[in-house]
Amino acid sequence: MITVNIKEEWIRLDSLLKLADMVSTGGHAKVVIQTGQVSVNGEVCLLRGKKMREGDTASFNGEQVTVGHGS
């Protein structure tokens with residue numbers, strides 16, 4: 001499992017996938033999210049602008065990333 005620490009209150013789902021190196025570009029993130037290949041907290045999510053907060057988890061292609069809180 002990958003953890004991405006953020007200093008803000010939230011991060012967009014597409015940005016989270018890019019920071020975790022689960023996708024190569026923002027366009028790639030858009031496609032995999034809008035085609036139902038990404039789940040958030042165990043449920044399929046089609047919103048690339050979904051606000052991901054500390055403790056939220058996204059899964060794609062057998063990998064999982066969790067939002068942590070940076071200092």
Side-chain angles (χ1 to χ4, degrees):
M1 181 186 303
I2 303 164
T3 300
V4 171
N5 292 316
I6 61 171
K7 294 180 182 179
E8 299 79 19
E9 183 181 341
W10 54 269
I11 184 171
R12 286 174 47 124
L13 176 57
D14 56 354
S15 297
L16 178 66
L17 295 179
K18 287 191 316 187
L19 282 176
D21 289 326
M22 295 171 75
V23 295
S24 53
T25 65
H28 185 206
K30 176 182 176 180
V31 170
V32 299
I33 293 167
Q34 291 182 337
T35 57
Q37 298 179 55
V38 177
S39 62
V40 172
N41 299 327
E43 296 185 17
V44 173
C45 180
L46 303 175
L47 305 171
R48 70 180 191 181
K50 167 88 173 144
K51 291 180 180 179
M52 302 291 291
R53 302 178 192 282
E54 183 179 358
D56 285 340
T57 301
S59 301
F60 167 65
N61 201 27
E63 293 186 78
Q64 196 169 37
V65 59
T66 300
V67 180
H69 185 69
S71 50

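Model, not experiment: these values are computed from the prediction.
No side-chain heavy atom of V67 sits under 4.5 Å from any side-chain heavy atom of T3. For the pair I2/M22, a side-chain contact is recorded, criterion being any heavy-atom separation below 4.5 Å from C-beta on. Contact annotation: the side chain of L17 approaches that of I33 to within less than 4.5 Å [non-hydrogen atoms, C-beta and beyond]. A 4.5 Å side-chain heavy-atom check between K18 and T25 finds every atom pair outside the cut-off. Taking 4.5 Å as the limit, every side-chain heavy atom of V65 sits out of range of all side-chain heavy atoms of M1. Side-chain contact between R12 and K50 is absent, with no heavy-atom pair separated by less than 4.5 Å. Residues C45 and L13 form a side-chain contact, since some pair of their non-hydrogen atoms from C-beta on lies under 4.5 Å apart. Between D56 and T66, every side-chain heavy-atom pair lies at or beyond the 4.5 Å cut-off.
Considering every non-hydrogen atom in both M52 and I6, the closest pair reads O-CD1, 4.3 Å. Between S39 and G42, the shortest heavy-atom distance links the atoms CB-C, 4.3 Å. Between R53 and W10, the shortest heavy-atom distance links the atoms NH1-CD1, 3.5 Å. Between N41 and G55, the shortest heavy-atom distance links the atoms OD1-O, 4.4 Å.
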Practice item. Please assess V40 against T57 for the test side-chain contact (heavy atoms from CB on, under 4.5 Å), listing each intermediate value before the final yes or no. Key: CA-CA 6 Å; V40 172; T57 301; over 6 Å; no
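Under the rule for a side chain to side chain contact (heavy atoms under 4.5 Å, CB included), the partners of L46 that lie at least two apart in sequence or sit in another chain are V44. Contacts of E43 classified as salt bridge (Lys or Arg N to Asp or Glu O under 4.0 Å), with partners at least two apart in sequence or in another chain: none. Residues passing the side chain to side chain contact (heavy atoms under 4.5 Å, CB included) test with S24, sequence neighbours excluded: H28.
Rounded to the nearest 0.5 Å, atoms NE2 (H69) and CD (E9) are 10.5 Å apart. Note that CZ of R48 is 6.0 Å distant from CD of Q34, once rounded to the nearest 0.5 Å. Residue N5 holds its CG atom at 8.5 Å from CD of E54, rounded to the nearest 0.5 Å.
Side chain of S15 to backbone of I11: no donor-acceptor contact under 3.5 angstrom is found.
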